[in-house]
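Working notes, structure below.
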Amino acid sequence: MFRRISILFFMIFMNLVNSQTEEVNLWAQEVPNSIEDNNYQETYDFEDTVKTKTFKVSTPTLQIFKPAQANGTSVIIFPGGGYEYLSSEKEGVKIAHWLNDLGVTAIILNYRLPSDAIMTDRRIGPLQDAQEAVRYVRKHAADLGIDEKRIGIIGFSAGGHLASTLSTQYDREVYKHDNVSARPDFSILIYPVISMKDGITHAGSKSRLIGANASAVDVEQYSNELQVTANTPMTFLVHATDDGSVPVENSINYYMALRKHRISAEMHVYKDGGHGFGLGREGTHTSWPKQCEAWMKANHLLDTKSL
């Protein structure tokens, strides 16, 4: 009975939310690299009436949150969850509202999670969705009221791995597409998984994406500290020293690769915070949103632009 009541209130809550936001299917036609499996159904975890986790995404969507006064910048959000689920509230909706407060149009990508049940190649499924998300936003920039040259991404944990994969492999041919660029103009990585190398990677993310016993070729391909080039977008990084799930070396090594290639980068490593702190718990890390806002201001991403 409680479960049914929770779902009822969740539906009412979602109707209220959807009256202020828009949700669209990412792919206009057939989802590439897909296998139809009617038993593979999207499911959720709730806390009271709030959807906290999303599992088994097979139809990727974009949730578009428009600010009261848009400044022309947009950010696509990649929630974390170890490539097992999407942290829909803490690293999705809450982040969208924070960005809206800055005048930024926020877009949550509900991306497919690696699965042999619904993908012919699970390794490329999330990247396909990430590339198409940037292409979709860029193609619809006028309708969204944004600048097509101020499209950024933010990723958390495994979502940070996807964001760094997109930042370094935005031009990798993983599906047939038009000529619209999938390159983000800037990247924000929060306690990201970067590497697939043993001893530094997050084992669950690696296992689900490329397999626990992945080939050396796949390990290198998805270790994004090895994929940085001179065309990788400017980046803001956040990590906690005491992160017990995703070692801080993930961010440090990515920062060093950015520095080697002379990419504009800023990194904040905090004494505490652990993993998965989102917009903040108690600890030194709670200042990261303000520092990220300052970084965006310094790079003129919060300047209001006439479109």
Side-chain angles (χ1 to χ4, degrees), residues 65 67 69-80 87 89-108 147 150-164 166-167 184-194 224-225 228 232-259 261-305:
F65 293 72
Q69 293 185 317
N71 57 29
T73 293
S74 64
V75 172
I76 303 170
I77 303 166
F78 302 156
S87 181
E89 175 69 7
K90 181 177 65 174
E91 296 169 355
V93 173
K94 286 186 176 181
I95 302 302
H97 290 320
W98 166 64
L99 290 167
N100 280 177
D101 289 343
L102 302 180
V104 173
T105 299
I107 303 158
I108 301 172
D147 183 352
R150 277 169 43 173
I151 299 172
I153 57 176
I154 184 170
F156 298 80
S157 193
H161 183 265
L162 179 56
S164 62
L166 178 63
S167 295
D185 297 296
F186 60 95
S187 177
I188 302 169
L189 306 177
I190 314 298
Y191 42 83
V193 179
I194 296 290
N224 294 317
E225 75 276 21
V228 173
T232 300
M234 63 179 178
T235 304
F236 182 89
L237 289 142
V238 170
H239 225 113
T241 302
D242 65 349
D243 191 326
S245 298
V246 179
V248 68
E249 285 81 4
N250 280 269
S251 285
I252 292 172
N253 291 350
Y254 193 72
Y255 173 82
M256 294 302 293
L258 293 168
R259 185 171 180 269
H261 289 276
R262 301 181 183 276
I263 304 300
S264 175
E266 180 168 323
M267 179 171 62
H268 294 264
V269 177
Y270 299 98
K271 177 177 74 71
D272 53 30
H275 187 73
F277 46 78
L279 286 175
R281 299 188 289 248
E282 292 184 0
T284 59
H285 64 281
T286 56
S287 63
W288 83 258
K290 283 294 183 184
Q291 289 163 332
C292 185
E293 179 182 352
W295 177 80
M296 293 178 76
K297 283 182 179 177
N299 286 286
H300 306 288
L301 296 170
L302 300 184
D303 295 350
T304 300
K305 184 167 183 177

What pair of heavy atoms forms the shortest contact from [X] to [Y], and how long is it?
{"X": "Ser164", "Y": "Val193", "value": "OG-O, 4.0 Å"}
{"X": "Pro184", "Y": "Ile153", "value": "CG-CD1, 3.8 Å"}
{"X": "Met234", "Y": "Asp185", "value": "CG-O, 4.0 Å"}
{"X": "Pro233", "Y": "Ser167", "value": "CD-O, 3.4 Å"}
{"X": "Ala70", "Y": "Thr304", "value": "O-CG2, 4.3 Å"}
{"X": "Leu237", "Y": "Pro192", "value": "CD2-CG, 4.3 Å"}

Are side-chain heavy atoms of [X] and [Y] found at a separation under 4.5 Å?
{"X": "Ile108", "Y": "Pro79", "result": "yes"}
{"X": "Asn250", "Y": "Tyr191", "result": "no"}
{"X": "Ile77", "Y": "Phe65", "result": "no"}
{"X": "Tyr254", "Y": "Ser187", "result": "no"}
{"X": "Leu258", "Y": "Met267", "result": "no"}
{"X": "Val269", "Y": "Val248", "result": "yes"}

Indicate yes or no for a side-chain donor-acceptor contact from [X] to the backbone of [Y] under 3.5 Å, with no hydrogens or angles considered.
{"X": "His261", "Y": "Val228", "value": "yes"}
{"X": "Asn71", "Y": "Leu102", "value": "yes"}
{"X": "Arg150", "Y": "Ser74", "value": "no"}
{"X": "Asp147", "Y": "Ile151", "value": "no"}
{"X": "Thr73", "Y": "Leu301", "value": "yes"}
{"X": "Arg259", "Y": "Ala265", "value": "no"}

Can you tell me how far [atom2] of [Y] sits from [atom1] of [X], rounded to the nearest 0.5 angstrom?
{"X": "Ile154", "Y": "Phe186", "atom1": "CD1", "atom2": "CZ", "answer": "9.0 Å"}
{"X": "Glu282", "Y": "Asp272", "atom1": "CD", "atom2": "CG", "answer": "10.0 Å"}
{"X": "Asp243", "Y": "Glu249", "atom1": "CG", "atom2": "CD", "answer": "10.0 Å"}
{"X": "Gln69", "Y": "Asn100", "atom1": "CD", "atom2": "CG", "answer": "12.0 Å"}
{"X": "Phe156", "Y": "Ile188", "atom1": "CZ", "atom2": "CD1", "answer": "8.5 Å"}
{"X": "Leu162", "Y": "Ser157", "atom1": "CG", "atom2": "OG", "answer": "11.5 Å"}

For Leu189 and Ile194, what are the C-alpha separation, side-chain angles and deciding distance, and is it a side-chain contact (heavy atoms from CB on, under 4.5 Å)?
-> CA-CA 9 Å; Leu189 306 177; Ile194 296 290; 4.1 Å; yes
Going by the angle between their ring planes, with limits at 30° and 60°, are Trp295 and Phe236 parallel, tilted or perpendicular?
->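 Judged by the thresholds at 30° and 60°, the geometry between Trp295 and Phe236 is tilted.
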Once the angle between the rings of His285 and Tyr270 is folded into 0 to 90°, is it parallel (under 30°), tilted (30 to 60°) or perpendicular (over 60°)?
->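 Perpendicular.
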Going through the distances and angles, do Val104 and Met296 end up as a side-chain contact (heavy atoms from CB on, under 4.5 Å)?
-> CA-CA 11 Å; Val104 173; Met296 293 178 76; 4.1 Å; yes
Taking it one step at a time, do His239 and Ser251 satisfy side chain to side chain donor-acceptor pair (under 3.5 Å)?
-> CA-CA 7 Å; His239 225 113; Ser251 285; 2.7 Å; yes
